[in-house]
Protein chains: 2
Amino acid sequence: MFTTAALAETAALVGDPGRAAMLMALMDGRALTAAELARVAGITPQTASGHLARLTTAGLLSRHCQGRHHYHRLASPAVAHMLETIMEASAAGQALRPQRAVVTGPRDKAMRAARTCYDHLAGQLGVRLAEALGERGYVELSDEGGAVTETGMEFFRSFGLDLGPAPARVYCRPCLDWSERRLHIGGTLGAKLAARCFALNWIRRNSESRAVTVTPAGQRGFRETLDI
Amino acid sequence: MFTTAALAETAALVGDPGRAAMLMALMDGRALTAAELARVAGITPQTASGHLARLTTAGLLSRHCQGRHHYHRLASPAVAHMLETIMEASAAGQALRPQRAVVTGPRDKAMRAARTCYDHLAGQLGVRLAEALGERGYVELSDEGGAVTETGMEFFRSFGLDLGPAPARVYCRPCLDWSERRLHIGGTLGAKLAARCFALNWIRRNSESRAVTVTPAGQRGFRETLDI
DNA sequence: CAAATGCTTCGGCGAACGCCGAATTAAGCC
DNA sequence: GGCTTAATTCGGCGTTCGCCGAAGCATTTG
């Protein structure tokens, strides 16, 4: 059947360690060059080139050439969503299995603490953020959907977020965190929230990974506004 | 890094045509025996046995032995969600590519018309259902979340659905249909809706695939209640 | 107890694919 | 025009992995 073949094809593309590493590196929405991607994947440029070509023709990546640099990014949020979902199912599977010792290096630690999830915040920071917003009644989260409350709308506006006209009452897609196994806030609200935190210099991107670090200003800001 | 390896591992499991076919066959939430799965995948039982063992130890499937029959089912809704999301990203990728001729056999046609998506309805029927419910103001859908309205709660109760106590206002997770590229209703509401339609004998499972057929009673019922 | 059925394990075959070295093209820089 | 760097293409090597035939366990049936 047609659909099954497409499923296997796409999954097989993600199923290679080298390609998976490159896709993960692109999870924060930035565009990286072929050489950078080769490095994070731990393979030679010529090997990476082949992988990138396949990912691009499959429509998982989009490329954009500028001079002699070829920039690659995820073709759509759908791809990022797919990757997070695979990690989620994977984590759910591991949880059921006998606990294999998971070696958590410092890199992993930073990722678990705070990272970007395509365009919004995840990790412990994302979870704490979602909890604090929930406790204060600014958003209502469940496994299945999320909603911004009236007081939440006011709060976000005062925080500098333009959520647009009111009609779409539901802005936030809850997103199950694969390291914390708890909900954090994605969707449009999550993206705008993350962007605002970057703009306020509360958090800063890590140059090497999707991990983000909370700045001193951020420590203060998060404590003052949400007590987290 | 740990997380990347897990991503590749899980994706590689889905990336084999045989395993993908078996997973797709389990997408409607039923449990199938090893022999049945071997048949749908077009491989011999001993090959299927190996695949099923790997999928089970990875936590994607759960098995449950009854006499000499070994029943397999998806380990969790997270796995079903992952599969749908991969198809979605795959479809999005294909849409960007030059239109390759997609051969749509009668099997595909039935699938596109109406099918189950783990526990709720998808395909053209699912989309029409979502549209009708939206037009009547029973649910509010967006790409990011969905909500049941007050009048919707009444309607669903009158339709025979027990949605439980009111607190969780948001019941329905919109689910992007990979064949229609439009939203349909998943989540708890979607599952209960589908179950009710089966109970009313409005729709019937196809023995060979996830496709469902609308019965004459269903034709009448859908027209009378929602004019679809 | 013997036969049949469903499932699994083992062993070897073959194809697919990831990998890199070497060579080629293209863009910037002196 | 040379030199460096980025990216790609090509060719061949090696491993991995899916596949099936044959055999081995369990469970049900006569």
Side-chain angles (χ1 to χ4, degrees), chain A residues 1 4-26 30-58 60-75 90, chain B residues 1 4-26 30-75:
Chain A
M1 200 186 312
T4 297
L7 171 70
E9 224 170 284
T10 303
L13 283 173
V14 185
D16 173 75
R19 287 193 294 260
M22 296 195 266
L23 290 168
M24 283 290 289
L26 294 170
R30 281 182 300 184
L32 300 178
T33 65
E36 289 173 313
L37 289 167
R39 201 173 47 75
V40 302
I43 53 181
T44 60
Q46 58 272 38
T47 302
S49 176
H51 287 313
L52 292 170
R54 291 182 60 180
L55 290 170
T56 304
T57 59
L60 295 184
L61 294 185
S62 70
R63 80 195 325 167
H64 141 246
C65 303
Q66 202 174 68
R68 58 183 174 180
H69 293 280
H70 292 198
Y71 288 96
H72 299 263
R73 68 166 66 238
L74 299 187
S90 165
Chain B
M1 200 186 312
T4 297
L7 172 70
E9 222 170 287
T10 304
L13 283 173
V14 185
D16 173 75
R19 288 192 293 260
M22 295 196 265
L23 290 168
M24 283 290 289
L26 295 169
R30 281 181 300 184
L32 299 178
T33 66
E36 289 172 313
L37 289 168
R39 202 173 47 74
V40 302
I43 54 182
T44 59
Q46 61 268 36
T47 301
S49 176
H51 287 313
L52 292 171
R54 291 182 59 181
L55 290 170
T56 304
T57 59
L60 296 184
L61 295 185
S62 71
R63 81 196 323 171
H64 141 244
C65 303
Q66 201 173 67
R68 57 185 173 183
H69 293 280
H70 292 199
Y71 288 96
H72 299 261
R73 66 168 65 237
L74 299 187

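Letters A, B, ... are given to chains in the order of the sequence lines, protein chains preceding strands, and every chain is numbered from 1.
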Sugar-phosphate or base contact per nucleotide [nucleotides 3-11 of chain D; S, B, -; heavy atom under 4.0 Å]: -BBSSBB--
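- Look at CE on Met22(B): it is 12 Å from C1' on dC19(D), rounded to the nearest Å.
- A pairwise comparison of heavy atoms in Val40(B) and Ala21(B) identifies O-CB, 4.2 Å as the closest pair.
- We find that CG of Asp16(A) is positioned 9 Å from C1' of dC17(C), with the value rounded to whole Å.
- Shown here for Ala48(A) and Ala38(A), the closest heavy-atom pair between the two residues is CB-CB, 3.6 Å.
- At the phosphate of dC19(C), neither OP1 nor OP2 sits under 4.0 Å from any side-chain N or O atom of Thr44(A).
- In this entry the distance linking CD of Gln66(B) with C1' of dT28(D) reads 13 Å, nearest Å.
- Summarising the geometry, atom CG belonging to Leu37(A) is positioned 5.0 Å from atom CG belonging to Leu26(A); distances are rounded to the nearest 0.5 Å.
- No side-chain donor-acceptor contact under 3.5 Å links Ser49(B) and Gln46(B).
- Rounded to whole Å, the distance from CD1 on Ile43(A) to P on dC17(C) is 16 Å.
- Checking dC17(C), dG18(D), dC19(C) against the side-chain heavy atoms of Arg54(A) singles out dC17(C) as nearest.
- Side-chain contact between Leu23(B) and Leu61(B) is present, with at least one heavy-atom pair separated by less than 4.5 Å.
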Identify each donor-acceptor pair in which a side-chain atom of residues 65-74 of chain B lies under 3.5 Å from a protein atom, sequence neighbours left out, and give them as a table.
unit_1   : atom_1 : unit_2   : atom_2 : d
Arg73(B) : NH1    : Gly29(B) : O      : 2.9

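- dT16(D) atom C1' lies 14 Å from atom CG of Leu13(B), rounded to whole Å.
- As a whole-Å value, the separation of Leu55(B) CG from dC17(D) C1' is 14 Å.
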